[in-house]
Amino acid sequence: MTSLTATLGVLSAMITPAVLILASGSLILTTSSRLLRAVDRVREILPLMEHLTPNDASRRAMLMNQLAKTTMRARMLQHTLSLLYTAIGLFVATSVSIGVIALLSLQLAWIPLLLGFVGAGLLFAASMLLIYESRIAIRALYAEMDYITHLASSGARASRPQ
């Protein structure tokens with residue numbers, strides 16, 4: 001019975017990182033979606049820039065601001081994805097190392113602990129980057145809304161590509 005209890009304890013410990021793997025996977029899905037939206041936004045800006053006239057200085061400035069913010073967001077999101085993928089790898093390594101150490105009766109419990117801590121640290125860093133990226137996205141949205149409000153209040157019409 002002691003052997004079964006010990007085995008179940010090891011299996012439980014090996015499964016525990018799966019919760020962090022699931023959390024990381026969920027963040028990867030949402031981060032990928034955010035990255036795709038940023039890429040789509042850049043692709044929307046290009047035709048708008050191509051149809052600007054020399055008189056569209058304020059619109060050009062607004063679009064350049066949008067492009068700069070979107071570029072920053074895309075780079076940040078790509079970095080976040082790298083952190084999340086690495087975290088998943090570390091959580092898998094944590095699970096495997098728990099099993100190997102238990103199977104071979106090694107006194108190396110610090111290895112899965114270190115792997116788990118580093119993976120959790122990367123997950124935390126990725127979460128902080130996502131918070132920062134969302135703030136950049138909302139600032140870009142506010143800047144665009146301010147531009148539209150300025151156009152509406154001045155009675156000007158936004159130039160539209162034909």
Side-chain angles (χ1 to χ4, degrees), residues 1-50 60-149:
M1 190 71 151
T2 307
S3 173
L4 179 60
T5 304
T7 301
L8 291 176
V10 170
L11 286 175
S12 295
M14 288 178 67
I15 292 171
T16 301
V19 175
L20 295 172
I21 291 169
L22 183 61
S24 298
S26 178
L27 281 175
I28 284 172
L29 286 175
T30 59
T31 302
S32 297
S33 174
R34 289 160 83 165
L35 181 57
L36 287 174
R37 284 197 311 266
V39 168
D40 287 343
R41 180 64 180 144
V42 169
R43 289 181 178 150
E44 290 171 5
I45 291 172
L46 177 62
L48 297 174
M49 293 290 284
E50 289 175 338
R60 181 181 314 279
M62 186 272 300
L63 290 172
M64 289 302 293
N65 181 29
Q66 292 290 312
L67 182 61
K69 285 184 169 108
T70 304
T71 300
M72 187 185 319
R73 287 181 55 218
R75 289 183 178 143
M76 193 172 298
L77 289 166
Q78 188 280 323
H79 184 67
T80 301
L81 284 171
S82 296
L83 291 176
L84 291 169
Y85 286 128
T86 305
I88 285 178
L90 286 169
F91 294 141
V92 170
T94 300
S95 183
V96 170
S97 67
I98 289 169
V100 169
I101 288 169
L103 183 66
L104 300 177
S105 299
L106 300 173
Q107 298 300 314
L108 300 171
W110 62 270
I111 292 175
L113 190 61
L114 179 65
L115 290 170
F117 276 147
V118 174
L122 292 176
L123 185 57
F124 177 74
S127 298
M128 293 299 102
L129 278 175
L130 288 172
I131 290 170
Y132 186 62
E133 181 273 334
S134 67
R135 289 182 177 187
I136 293 170
I138 200 70
R139 282 196 310 263
L141 177 63
Y142 289 158
E144 194 167 3
M145 291 180 346
D146 289 345
Y147 175 76
I148 293 168
T149 302

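Counting from 1, the numbers follow the sequence of the chain as shown.
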Find the distance between CZ (R73) and CD1 (I136) and round it off to the nearest 0.5 Å.
-> 8.0 Å

Heavy atoms only: give me the nearest L123-S24 pair and the separation to one decimal.
-> CD1-OG, 3.5 Å

Report yes if some heavy atom in the side chain of L81 is under 4.5 Å from a heavy atom in the side chain of L77; otherwise report no.
-> no

Rounded to the nearest 0.5 Å, what's the gap from CD1 on I98 to CD1 on I15? Could you check?
-> 10.5 Å

Does any non-hydrogen side-chain atom of I101 lie less than 4.5 Å from one of I111?
-> yes

Going from OG on S127 to CG on L122, what distance comes out if it is rounded to the nearest 0.5 angstrom?
-> 10.5 Å

Salt bridge between E133 and K69, side-chain N to carboxylate O under 4.0 Å?
-> no

Determine whether more than 12 heavy atoms belonging to other residues, nucleotides or ligands lie under 6.0 Å from atom CE of M64.
-> no

Is there a side-chain contact between L130 and R34 (heavy atoms, below 4.5 Å)?
-> yes

Under the side-chain hydrogen bond (donor to acceptor under 3.5 Å, both in side chains) rule, what pairs show up with a residue in residues 81-90, not counting sequence neighbours?
-> Q78-S82

Considering only heavy atoms from C-beta outward, does the side chain of T31 approach that of L129 to under 4.5 Å?
-> no

Closest heavy-atom pair and its distance - G116, T94 = N-OG1, 3.2 Å

With distance as the sole test, does Q66 use its side chain to make a donor-acceptor pair with the main-chain N or O of I45 at under 3.5 Å?
-> no

How long is the gap from NE2 on H79 to CG on L84, to the nearest 0.5 Å?
-> 10.0 Å

With distance as the sole test, does T71 use its side chain to make a donor-acceptor pair with the main-chain N or O of L67 at under 3.5 Å?
-> yes

Taking everything shown except R75 itself, do over 12 heavy atoms lie less than 6.0 Å from its CZ?
-> no

Which is it for I88 and I28 under the side chain to side chain contact (heavy atoms under 4.5 Å, CB included) test, yes or no, and what are the steps along the way?
-> CA-CA 10 Å; I88 285 178; I28 284 172; 3.5 Å; yes

Between A87 and G119, the two heavy atoms sitting closest are CB-O, 3.6 Å

May I ask you to check whether R37 and S33 show a side-chain donor-acceptor distance below 3.5 Å?
-> yes

Work out which heavy atom in S97 is nearest to a heavy atom in L115; give both atom names and the distance.
-> OG-CD1, 3.8 Å

Going from CG on L114 to CG on L108, what distance comes out if it is rounded to the nearest 0.5 angstrom?
-> 12.0 Å

Rounded to the nearest 0.5 Å, the CG atom of L20 sits from the CZ atom of F91 at a distance of 4.5 Å

Does L27 offer a backbone N or O that forms a donor-acceptor pair with the side chain of T30 under 3.5 Å?
-> yes

Can you find a heavy atom in the side chain of L141 that is under 4.5 Å from one in the side chain of I138?
-> yes

